[in-house]
2 protein chains.
Amino acid sequence: MEKHEIKKAGLKVTLPRVKILSLLEKHGGHLSAEDVYKLLLGEGEEIGLATVYRVLTQFQTAGLVVRHNFEGGQSVFELDHGDHHDHLVCLRCGRVEEFVDDTIENRQQAIADRHGFTIKDHALVIYGYCGDPNCQKDD
Amino acid sequence: MEKHEIKKAGLKVTLPRVKILSLLEKHGGHLSAEDVYKLLLGEGEEIGLATVYRVLTQFQTAGLVVRHNFEGGQSVFELDHGDHHDHLVCLRCGRVEEFVDDTIENRQQAIADRHGFTIKDHALVIYGYCGDPNCQKDD
DNA sequence: TTATAAATGAGAATATTTATCATTATCATA
DNA sequence: TATGATAATGATAAATATTCTCATTTATAA
Ligand SMILES: [Zn+2]
Ligand SMILES: [Zn+2]
Ligand SMILES: [Zn+2]
Ligand SMILES: [Zn+2]
């Protein structure tokens, strides 16, 4: 239940927080702050955009969600299920697919070691055209 | 010579374009549009920020520079020497180091194939703390 | 040299995100 | 359950990054 997760994160259980977390759980995908805002408005909820940004950032700090900075404007957020993954993003339709590759993950560690870096995070995004015929046709 | 590269790119050879390209060649590193703007102002050049953005975007389109969207606000630009590479970014001092790993590059292609994606581009950024003692100490 | 088309620079406009602050809601305690 | 200290909210302003507009200047080919 959302309330428990929010409490566990050390945050007060408020209506906006419950609504945002529920939406992320229901939707599943990768949503921008504005997406979340508009979807909640569409559901008849009263919420402010500033609150959405604030809460998403708090959820990120608490480890409930991850933020991704794909190309093009807005950050997107998704629930953090603890399973790190990287992304394929379609430049035509915006579809996002997820993947993990242990070989890549391991190579990154080796590279960081060689450069004397301590890894805190990483982001691998493959941009391209997804399998949809409309996205594959070149113009 | 810069003039030739600009002409080759199908762009008129103008003072701002030559200055920006020279700066990128001289500096070598990863500069934001604002960095470029301020460095040129510091050299006594008269140039507008809008022109810097415009020209960098044109250079990117022409394949003279690459744009990277690291975490935290501004895009950064570097000369495109045709040698693709990915980046290590220090979260403390901002240092940027470059690397290429053929294994990672190949794995990406395999992943895209499996998902039916046609790769157009990709970005791999490893964030962490670089070797500098000031950056390694945790607080 | 001149005409034409393109480029520039200043500032307005847009887009995304964060900060401010008066009001409201939460929740531990009584 | 009522209360009050404290934290959260939402409207709006502000900050940040980038793009657009347009009058003026500049490049280049004839
Ligand atoms: Zn990964
Ligand atoms: Zn994902
Ligand atoms: Zn790469
Ligand atoms: Zn680089």
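Naming convention: chains lettered A, B, ... in sequence-line order (proteins, then strands); numbering from 1 in each chain.
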Rounded to whole Å, how long is the line connecting atom [atom1] of [X] with atom [atom2] of [N]?
{"X": "A/Q74", "N": "D/dA17", "atom1": "CD", "atom2": "C1'", "value": "14 Å"}
{"X": "A/L31", "N": "C/dT17", "atom1": "CG", "atom2": "P", "value": "13 Å"}
{"X": "B/L56", "N": "C/dA7", "atom1": "CG", "atom2": "P", "value": "15 Å"}
{"X": "B/I20", "N": "C/dA7", "atom1": "CD1", "atom2": "C1'", "value": "12 Å"}
{"X": "B/Q58", "N": "C/dA6", "atom1": "CD", "atom2": "P", "value": "12 Å"}
{"X": "A/E71", "N": "C/dT16", "atom1": "CD", "atom2": "C1'", "value": "17 Å"}
{"X": "B/Y37", "N": "C/dA10", "atom1": "OH", "atom2": "P", "value": "7 Å"}
{"X": "B/H68", "N": "D/dT18", "atom1": "NE2", "atom2": "C1'", "value": "18 Å"}

Check your understanding: Relative to the 5' end of DNA chain D, which residue comes earlier, B/L15 or A/R17, by the nucleotide with the nearest heavy atom?
Key ->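 Closer to the 5' end of DNA chain D: A/R17.
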**Study point:** Earlier contact from the 5' end, DNA chain D, for A/V52 and B/R67
**Key:**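 The answer here is A/V52.
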Review point. When the ring planes of B/H68 and B/F70 are compared, do they come out parallel, tilted or perpendicular, using 30° and 60° as the limits?
Key: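 Geometry flag for B/F70 against B/H68: parallel rings.
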Check your understanding: Looking at B/Y53, does any N or O in its side chain come under 4.0 Å of the phosphate oxygens OP1/OP2 on D/dT19?
Key ->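 It does not, given that no N or O in the side chain of B/Y53 lies less than 4.0 Å from OP1 or OP2 of D/dT19.
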Check your understanding: Has A/R54 got a side-chain N or O lying under 4.0 Å from the OP1 or OP2 atom of D/dA8?
Key ->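 So the side-chain polar atoms of A/R54 never come under 4.0 Å of the phosphate oxygens OP1 or OP2 of D/dA8.
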By nearest atom, which of the nucleotides [options] is closest to the [X] side chain?
{"X": "A/V13", "options": "C/dG9, C/dC27, C/dT18", "answer": "C/dC27"}
{"X": "B/K12", "options": "D/dT9, D/dA27, D/dT6", "answer": "D/dA27"}
{"X": "B/A50", "options": "D/dC20, D/dA27, C/dT26", "answer": "D/dC20"}
{"X": "B/L49", "options": "D/dT18, D/dA8, D/dG10", "answer": "D/dT18"}
{"X": "B/T14", "options": "D/dT6, C/dT8, D/dT19", "answer": "C/dT8"}

Check your understanding: Would you say the side-chain atoms of B/Q136 pair up with the backbone N or O of B/Y129, donor to acceptor, closer than 3.5 Å?
Key ->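 Yes, the answer is positive, given that a donor and an acceptor are paired below the 3.5 Å cut-off.
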Practice item. Examine distances only and state if a side-chain atom of A/R17 and a backbone atom of A/K12 form a donor-acceptor pair shorter than 3.5 Å. Key: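 Yes.
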Check your understanding: Without hydrogens or angle criteria, can the side chains of B/D35 and B/S32 be said to hold a donor-acceptor pair below 3.5 Å?
Key ->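 B/D35 vs B/S32: donor-acceptor pair found between side chains.
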Exercise for review: Decide whether A/T57 and A/R54 meet the rule of one side-chain donor and one side-chain acceptor closer than 3.5 Å.
Suggested key: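 There is no such pair between these side chains.
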Point to revise | 5' precedence on DNA chain C between B/L11 and A/T57 (nearest-nucleotide basis) | key: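 Comparing both residues, the 5'-ward one is B/L11.
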Practice item. Classify the nucleic acid contact of A/S75 as base, sugar-phosphate or nothing, counting any heavy atom under 4.0 Å across all strands shown. Key: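 The residue A/S75 makes sugar-phosphate contact but no base contact.
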